[in-house]
Amino acid sequence: MRLAIVWFCAFDLGRPVDPVEGGRKLLQSGIAEAMLSYDDKGDSFVEPRGIEQETGMLHLMAREDIVLFQDEYRMNHRFARLKLRGFDATILDVRSKMEVYLTIHRAGFAALSFWFSVDKDIKLSDIIIMEDPFSKIKVGKIWEGFLDHIKRFKMVPAEFIGKIERGEEFDTSISRLHNLYRSFMMSIMQEMDSKRERKIRYPFTGIFSAVVIFGVYQLEKFLEDHKKELHGILAEERMWDWVSESWMEKAMEKNLAWREGWAVYIGNARALMVVSKEANDKLRSELKRRFVEGTPDIIAGIGPAGLLPGLHPPYIIVLDKEKVAEGILERIWEDQLKGIMLDLTTIIENLSLQKIMLESCDYALGEGMPESIKDLSDIRKQVHEVMEEFLNVRVWRPLTATEWVEYGKKAMRINEMYEAIRNRLDLLEGRIRALYDRAFNILILILTIISGYLQMAEVMFLLGFSGPTALLIPLLIPVVLLPLAKYFWKII
């Protein structure tokens, strides 16, 4: 069995950002090893140049983006992807390299992802514990560049600093690691805005996960025999064996897979993909057939032979097409499995970004509304900007991807949140209009009082009043004007 767990930690960057500029700052800091972005034609490129072998996953992500997202979405430079420094991780005595990636969105939000994969048979009940972002994990060989940041902000207990300096393992969790990466990256982002403070609009983080299991035998039987554990993975339910049958069936009633031998489920904050060994074998067989058909029977040449040094022209080489195809398949099989994972993980990441965008809007509209038109208008502008980016996140060709996104929005209650925010925006608009009307009425009253003051002074002069008596009534006018003026400036 092959297991992969991916955690997505979506968070606010404070305000809209140029993804490419931000990514280059992270490259300069050393925390990022490579960046994937798109040019004005929507074509992908990875920088720095010349490290293609080390950035294979970014190229696979680019291939997925081109299939999934509309051209205009890439051409408008709405996002960039980065490969960050990873580390060694041990979860429940299962050890592997943890790869770390970051997606920066132009709206000022980001999704940090941790990728953990192993080729090992693991009990499904253990996977429930492993996927918990608060479960203990042992971390080693973490990037040394974190040290100054850790010491300055006391990100870990003092006894761990020595272990990090020596490259030794220490106990932590995905949640805490996310805080470390996020804090470091925010300090770099703040350096980009040296003249203005980057104020966080939404201080909370949404953590989502996707679990992918390859190589199970007889998928339907596997799903039936292990439905309690699988539901536990989808719902992150540690008491997985104490859940009602009806609840499990409701949570897993929709298998979103479009291929036989696959099972795909999307929950509130979790996703699960199971791929059978039979499906893997069928895919290998189909790929091998294509490679065999694409391999020539013979190679003939009249120049020096690069395949067999010392072979003199003219020559003819008869190829073992089956062997050649098998060699190609072995080289690309790992990428094939990652590509299958990316079908799901790219959509879950996309949903996590959409949800954090809407949560920030909901937070802005619900956290103690200010009393001034200017501050309310600033909130309205902020919400409109985020909502516009939310609406601009569009998937393209694959009908399956569209169905997964729409189902995910429903499962994660993204659509409900969107409608609730639209209703609250209407209330905000009404409040702004009411304050405008109130400010206008106060202004008219102030002007009327000032006009009356001048007229009163003129009448009293014509009637012959002078001295203190003449000034007594007019002097009361400022007493009335002062609180009106103060309130006017407060709501403006």
Side-chain angles (χ1 to χ4, degrees), residues 1-8 34 36 44 46 52-68 81 83 86 89 91 94-101 103 113-122 124 127 130-131 208-219 222-223 226 230 233-234 255-266 270-292 325-350 398 400-401 404:
M1 183 177 78
R2 179 188 179 92
L3 168 70
I5 306 175
V6 186
W7 295 269
F8 297 98
L36 163 69
S44 65
V46 173
E52 283 76 8
Q53 295 300 319
E54 291 78 12
T55 58
M57 190 62 162
L58 286 182
H59 287 289
L60 292 175
M61 289 178 172
R63 187 174 67 185
E64 188 72 18
D65 290 341
I66 291 171
V67 171
L68 187 63
R81 301 186 184 279
K83 184 180 188 299
I91 313 176
V94 180
R95 187 177 184 85
S96 183
K97 181 73 174 178
M98 186 80 77
E99 295 186 12
V100 187
Y101 295 89
T103 298
S113 57
F114 298 89
W115 296 65
F116 183 86
S117 61
V118 290
D119 285 307
K120 183 178 181 180
D121 288 336
I122 300 173
L124 296 179
I127 297 176
M130 293 173 68
E131 73 162 336
F208 305 78
S209 66
V211 173
V212 183
I213 302 171
F214 289 101
V216 305
Y217 289 90
Q218 299 178 357
L219 179 65
F222 179 85
L223 295 177
H226 301 285
L230 294 172
I233 294 172
L234 184 63
N255 180 357
L256 296 165
W258 73 91
R259 295 194 189 280
E260 292 182 0
W262 290 17
V264 176
Y265 303 97
I266 298 177
R270 305 285 178 266
L272 171 64
M273 172 183 276
V274 183
V275 180
S276 69
K277 184 180 183 303
E278 293 82 3
N280 278 351
D281 291 344
K282 185 173 182 178
L283 177 60
R284 289 182 68 97
S285 177
E286 174 62 22
L287 290 174
K288 184 176 179 179
R289 182 187 65 79
R290 294 181 186 179
F291 295 146
V292 168
E326 191 63 39
I328 297 172
L329 184 59
E330 288 303 316
R331 289 198 300 273
I332 61 94
W333 182 243
E334 182 72 17
D335 286 351
Q336 288 294 319
L337 296 182
K338 289 179 178 178
I340 293 172
M341 289 172 52
L342 284 167
D343 285 346
L344 177 64
T345 57
T346 304
I347 287 174
I348 299 303
E349 179 190 66
N350 185 271
T400 50
W404 287 13

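Counting begins at 1 with the first residue of the sequence.
- The shortest heavy-atom contact between Ile340 and Trp262 is CG2-CH2, 3.8 Å.
- A distance of 7.0 Å separates OG1 of Thr400 from CD1 of Ile347, quoted to the nearest 0.5 Å.
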Practice item. List the steps and the verdict of side chain to side chain contact (heavy atoms under 4.5 Å, CB included) for Ile266 and Ile348. Key: CA-CA 9 Å; Ile266 298 177; Ile348 299 303; 4.3 Å; yes

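- Taking CG of Leu337 as the reference point, atom CG of Leu342 lies at 11.0 Å (rounded to 0.5 Å).
- When all heavy atoms are compared, the tightest approach of Trp7 to Met130 is CZ2-O, 3.2 Å.
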Exercise for review: Using the side chain to side chain contact (heavy atoms under 4.5 Å, CB included) rule, take Val6 and Phe114 through it: C-alpha gap first, then chi angles, then the decisive distance, then the call.
Suggested key: CA-CA 6 Å; Val6 186; Phe114 298 89; over 6 Å; no

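- By the 30° and 60° cut-offs, the orientation of the rings of Trp258 relative to Trp404 is tilted.
- Considering every non-hydrogen atom in both Ser44 and Leu36, the closest pair reads CB-CD1, 3.7 Å.
- Here CG of Leu3 is found 10.0 Å from CD of Glu131. Values are rounded to the nearest 0.5 Å.
- Taking 4.5 Å as the limit, every side-chain heavy atom of Lys277 sits out of range of all side-chain heavy atoms of Gln218.
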Check your understanding: Between Met61 and Thr346, does a side chain to side chain contact (heavy atoms under 4.5 Å, CB included) hold up when you go through it step by step?
Key -> CA-CA 8 Å; Met61 289 178 172; Thr346 304; 6.0 Å; no

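- Across all non-hydrogen atoms, the minimal contact from Ala401 to Leu68 is CB-CD1, 3.3 Å.
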Review point. Can you check side chain to side chain contact (heavy atoms under 4.5 Å, CB included) on Met1 and Ile213, steps first, answer last?
Key: CA-CA 7 Å; Met1 183 177 78; Ile213 302 171; 3.5 Å; yes

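- Considering all non-hydrogen atoms of both residues, Gly339 and Arg63 come closest at CA-NH2, 4.5 Å.
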Practice item. For the pair Lys338 and Glu64, evaluate salt bridge (charged side-chain N to carboxylate O under 4.0 Å, His left out) and give the outcome as yes or no after the intermediate values. Key: CA-CA 11 Å; Lys338 289 179 178 178; Glu64 188 72 18; over 6 Å; no

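- Applying the side-chain contact (heavy atoms from CB on, under 4.5 Å) test between Val274 and each of Val264, Val211, Ile233, Val216 identifies Val216 as the sole match.
- With no hydrogens or angles considered, a side-chain donor-acceptor pair links Glu349 and Thr103 at under 3.5 Å.
- Contact check for Leu124 versus Ile127: side-chain heavy atoms found under the 4.5 Å cut-off.
- Using modelled atom types, one side-chain atom of Ser276 and one backbone atom of Gly261 make a donor-acceptor pair closer than 3.5 Å.
- Atom CE of Met57 and atom NZ of Lys83 lie 10.0 Å apart (nearest 0.5 Å).
- By the 4.5 Å heavy-atom criterion applied to side chains, Leu58 and Tyr101 are counted as neighbours.
- Rounding to the nearest 0.5 angstrom, the gap separating the CZ atom in Phe208 from the OG1 atom in Thr345 is 14.5 Å.
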In a table with atom names and distances, give each donor-acceptor pair under 3.5 Å that connects a side chain of residues 283-291 to protein atoms at least two apart or in another chain.
| residue | atom | partner | partner atom | Å |
| --- | --- | --- | --- | --- |
| Arg284 | NH2 | Glu326 | OE2 | 3.3 |
| Arg284 | NH2 | Glu330 | OE2 | 2.5 |
| Glu286 | OE1 | Arg289 | NE | 3.3 |
| Glu286 | OE1 | Arg289 | NH2 | 3.4 |
| Glu286 | OE2 | Arg289 | NH2 | 2.4 |
| Glu286 | OE2 | Arg290 | NE | 3.2 |
| Lys288 | NZ | Glu322 | OE1 | 3.2 |
| Lys288 | NZ | Glu326 | OE1 | 3.2 |
| Arg289 | NH1 | Glu293 | OE1 | 3.3 |
| Arg289 | NH1 | Glu293 | OE2 | 2.7 |

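- Of all heavy-atom pairs between Ala263 and Asn255, the closest is CA-OD1, 3.3 Å.
- Annotation: side chain of Lys97 is not in contact with side chain of Trp115 (no heavy-atom distance under 4.5 Å).
- Taking the side chain as every heavy atom from C-beta outward, Leu219 and Glu278 never approach each other to under 4.5 Å.
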